[in-house]
Amino acid sequence: MEELVTQIVGYLRGMWRFRWWGLAFAWVIGLAAGVAIYMMPDRYESTARIHVDTQSVLRPLMSGLAVQPNIDQQIAMLSRTLISRPNVEKLITMADLDLDVRTPEQREALITRLARDLQIRSADRTNLFALAYSDTKPERAQRVVQSLVSLFVESGLGSKRQDSDAARRFIEEQIRNYEQKLVEAENRVKEFRLRNMGLLGDGGRDYITQIAQLNAQLQQAQLELREAENARDAMQRQLVGEEPVLLPQTPPNSAVSIPEIDGRIEALQRNLDGLLQRYTDQHPDVIGARRVIEDLEAQKRQQIETMRAAGGGSQFGALNSNPVFQQMKLALAESESRVASMRARVAEYQGRLDHLRELAKRVPEIEAEMAQLNRDYNVHKANYDSLVSRRESAAISVEMNTQGGIADFRVIDPPTLPTAPSAPNRLLLLPLAALAGLGAGFALTFLISQLRPAFADGRMLREVTGLPVLGVVSMLQTDERRRKRRRGLLAFGGGVLAYAASFAVAVVALKLIQG
């Protein structure tokens, strides 16, 4: 600590040697700074205050019906982004600031300066904004602030309209897209229903019950087929003599049978039964089958009449001559026809059963595909309905924005025409200039003392040279030297006081001038 104090004292002694240089330099710097401050042009600041009222009565009334954006956040963002290059260029045109601009460089400098000098100050959570601008001409400052107020209000209203219009256009485009998607989905569902009308026509077909019923009919037909085959085989064995023939005598008036025609009629009758189970009486296949049966029956009657008229013909005579054998042959023919008919019925039932089983296998796949089609349609329909609802909300919001029901821009204080300059603050700058001059003089003396050092005591000499100091010779002060030193101190103190007094007088005079 002692070494530090000794070093500081050494620096001060060295600087004291060049005190007049420092005082002169302080006078020069102080006077130059004072003149520069006095010559600075006056700047006049024009201000305006705007309040944005976002607490509209319509907001709670239209809750749930109209889209209500965060107006406070939008206004805060507007205040931060208002001073942009496009807005500054528009502001230059509105305030006629480009009348003296001749070159692109001057315009760029004007844009830069205007963007730097424009100020928008806001109070937190009050939506109260203060717009300010300072210029060398008060009229121009007022004109710029007036244009800035207009731009602020127009940007707020215009941004709301632009956002609403853009949102409505986007919603309209999406609605058109979803309308097309709905039409495509409806067409897919329609085509799918047409392709699978047999499976989805009644909407509740129980294929399991139908398969069970048809399976029971098939088993019954198979049982009847086996019975008919057993009866036929028994008749064949009787005809060839393997079994005794125990047939009653055919009555003379019993009906005569023609096996060929009877077999065809029996087969057609079985086929007609199958057709009636699937179709109505007016179906062309049913009508055609009945017509063929009627033709065969008419042909049978005609042949019987022909054989009876012939009398002693071979076939008819043999029938009359051996009635038991002929009756057996007729019964066998009937059995053959019945077997053929039952086989056709079994084949028909088996085909129906196979077809129902195939349909039953396809039903889950068709239902899954139908569910997927309906799910896609339902998604598109839900999005379409939601977009239509949002479009109506957007229309109501646009109407509210048009009528100014969301936010109200109120000019609390219009742009003022300044009469007194707001800058520079010479009363504050002049004392600062005086202190700057003293600081400059102090720095100059320190610099010269370092450039032209001197040893103040033997200790410093010993530390610098590294040589032993044998002794120190003191200077005796005479009366003449004391008086000279006293006069120098008085003169230096007078110079410092005169320096301070001159700046004090300048501050007082300036205050009197400014009133």
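This chain uses plain numbering: 1 for the first residue, then up along the sequence.
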**OP:** Output all residues satisfying ring pair (Phe, Tyr, Trp, His ring centres under 6.0 Å) with W21, sequence neighbours left out; order by chain, then residue number.
**Re:** none

**OP:** Quick one: list whatever passes ring pair (Phe, Tyr, Trp, His ring centres under 6.0 Å) with F446, sequence neighbours left out.
**Re:** Y11

Any pair counted as salt bridge (charged side-chain N to carboxylate O under 4.0 Å, His left out), so long as it reaches [range], sequence neighbours left out:
{"range": "residues 436-445", "value": "none"}
{"range": "residues 464-479", "value": "D479-R482"}
{"range": "residues 137-153", "value": "D135-R140"}

For [X], check side-chain hydrogen bond (donor to acceptor under 3.5 Å, both in side chains) against everything at least two apart and list the hits.
{"X": "N187", "value": "none"}
{"X": "Y44", "value": "none"}
{"X": "Q350", "value": "D354"}
{"X": "R375", "value": "Q372"}

Please, which pairs that meet side-chain hydrogen bond (donor to acceptor under 3.5 Å, both in side chains) have at least one residue in [range], sequence neighbours excluded?
{"range": "residues 108-118", "answer": "R85-E108"}
{"range": "residues 425-439", "answer": "D42-R426"}
{"range": "residues 487-505", "answer": "none"}

Subject >> Side-chain donor or acceptor of R19 paired with backbone N/O of W16 under 3.5 Å >> reply: yes

**OP:** Kindly say whether S134 contributes a backbone atom to a donor-acceptor pair with the side chain of R43 at under 3.5 angstrom?
**Re:** yes

**OP:** Using the side-chain contact (heavy atoms from CB on, under 4.5 Å) rule, take T416 and Q142 through it: C-alpha gap first, then chi angles, then the decisive distance, then the call.
**Re:** CA-CA 6 Å; T416 59; Q142 183 187 26; over 6 Å; no

In terms of side-chain heavy atoms, does [X] have a donor or acceptor partner in [Y] at a distance below 3.5 Å?
{"X": "R352", "Y": "Q217", "result": "no"}
{"X": "Q119", "Y": "Y133", "result": "no"}
{"X": "S386", "Y": "N383", "result": "no"}

Original post:
Is K484 paired with E480 through a side-chain N to carboxylate O contact shorter than 4.0 Å?
Top reply: no

Original post:
Does E348 come within less than 4.0 Å of R278, counting only side-chain N to carboxylate O?
Top reply: yes

Original post:
Is there a side-chain contact (heavy atoms from CB on, under 4.5 Å) between F18 and R452 once you walk through the steps?
Top reply: CA-CA 10 Å; F18 305 101; R452 298 176 61 183; 4.1 Å; yes

Subject >> Exceeds 12 heavy-atom contacts within 6.0 angstrom, atom CD of Q277 >> reply: yes

